[in-house]
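Data block below; observations after.
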Amino acid sequence: MAEFTTLDHENLSSVVYGALCDALMQGRFQPGDRLKIRDLAEQFGTSVTPIRDAILRLANDEAITFRSPRDIRIAGLSESRYREIRAIRIRLEGLAAETAAQVATSADIQALERILRENEQAIAAGDRLKGTQLNQAFHFLLPQIAGLAVLTSILRRLWLQMGPHISDVYIAGGRAMIDHHYPVVEALKRHDPAAASMAVADDILIGGKPILDRIEAAGVPGPVHPRR
């Protein structure tokens, strides 16, 4: 169960929502984990109201499944939904990589390489939480380098759903979870937008195969559409 720091802020609902979003994107939860409103309120040092408000927002984001106040869980993904998110990520994160390759500075490259070094250490140590946090940091640094703030906001919504699933397989996925980050960095060094976009696509497709395998094995049903 993820742990949170006690908060003192006027707009507690927004702060709690932001903290839970970060936890989801960084893989601090895994699919099926149960969220307990009172436990979260105790961890944050708040009443249950801002927690409930944040939970409802996350349900609207489709990041959690709210069956009842006593049954709130991190959402699973059907295969069809995962494939749809994957296709969108390839386009959007590819755009981020293309743009970053055109403007990346030596300091930007060093920041990406530092994340890779730390991620190698996390994988070697079997540190799932640290590894997934660094993975998210790597992917989100690309639109930051590119200066694409709107794109970052869009990606956050997708990563609310993806973070727990990346976390779920991060250690079992082994080298597949990091190997394709290196060609991304090399493409940015060469200022090669096409190669950067292709490397990100490889990372999402090939690096994401353990995620797809796990989702297929879980067999989460997709949405049922009414007949017309």
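The chain is numbered in sequence order, starting from 1.
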Problem set entry | 4.5 Å side-chain heavy-atom contact, I90 and V200 | no

Quiz: residues 56-65 side-chain donor-acceptor pairs under 3.5 angstrom, not counting sequence neighbours:
{"from": "D61", "atom 1": "OD2", "to": "Y17", "atom 2": "OH", "distance (Å)": "2.5"}
{"from": "E62", "atom 1": "OE1", "to": "R81", "atom 2": "NH2", "distance (Å)": "2.9"}
{"from": "E62", "atom 1": "OE2", "to": "R81", "atom 2": "NH2", "distance (Å)": "3.3"}

Seminar exercise, completed: By ring-ring contact (aromatic ring centres under 6.0 Å, His included), H165 pairs with (sequence neighbours left out) none

For this session: State which residues pass side-chain contact (heavy atoms from CB on, under 4.5 Å) with V103; sequence neighbours excluded, sorted by chain then number.
Result: I145

Exercise. Can you list every salt bridge (Lys or Arg N to Asp or Glu O under 4.0 Å) pair that touches residues 16-25, not counting sequence neighbours?
Worked result: D22-R156

Exercise. Of all residues at least two apart in sequence or in a different chain, which pass the ring-ring contact (aromatic ring centres under 6.0 Å, His included) check with F140?
Worked result: W159

For this session: Go through the side-chain N and O atoms of T105 and D108 and say whether any donor and acceptor fall under 3.5 Å apart.
Result: yes

Anything under 3.5 Å between a donor and an acceptor, one on a side chain of residues 109-117, the other on a protein residue two or more places apart or in another chain? List them.
{"from": "E113", "atom 1": "OE2", "to": "K189", "atom 2": "NZ", "distance (Å)": "2.8"}

For this session: State which residues pass ring-ring contact (aromatic ring centres under 6.0 Å, His included) with H180; sequence neighbours excluded, sorted by chain then number.
Result: none

Problem set entry | H181 side chain to N119 side chain, donor-acceptor N/O pair below 3.5 angstrom | no

Problem set entry | All side chain to side chain donor-acceptor pair (under 3.5 Å) counterparts of R89, not counting sequence neighbours | E93

Problem set entry | Inter- and intrachain pairs under salt bridge (Lys or Arg N to Asp or Glu O under 4.0 Å), touching residues 168-179, at least two apart | E120-R175, D168-R214, R175-D179

Seminar exercise, completed: side chain to side chain donor-acceptor pair (under 3.5 Å) filter on R83, not counting sequence neighbours, yields E79

Exercise. Taking only residues at least two apart or on different chains, which pairs with a member in residues 143-155 satisfy salt bridge (Lys or Arg N to Asp or Glu O under 4.0 Å)?
Worked result: none

For this session: For residues M162 and Y82, determine if any side-chain heavy atom of one lies less than 4.5 Å from a side-chain heavy atom of the other.
Result: yes

For this session: Look only at the side chain of R128 and the backbone of A122, and say whether a donor-acceptor pair between them is shorter than 3.5 Å.
Result: no

Exercise. Do R34 and I74 come close enough that some side-chain heavy atom pair is under 4.5 Å?
Worked result: no

For this session: Starting from the C-alpha separation in whole Å, work towards a yes-or-no answer on side-chain hydrogen bond (donor to acceptor under 3.5 Å, both in side chains) for S167 and R28.
Result: CA-CA 7 Å; S167 174; R28 293 170 64 187; over 6 Å; no

Problem set entry | Pairing residues for A196 by the side-chain contact (heavy atoms from CB on, under 4.5 Å) criterion, not counting sequence neighbours | A97, A101, A187, L188

For this session: Search all heavy atoms of P69 against all heavy atoms of I37 and return the closest pair with its distance.
Result: O-CD1, 4.4 Å

For this session: List the atom of P164, the atom of P31, and the distance in Å for their closest heavy-atom pair.
Result: O-CD, 3.2 Å

Exercise. Within the side chain of T99, is there an N or O that forms a donor-acceptor pair under 3.5 Å with the backbone of A96?
Worked result: no

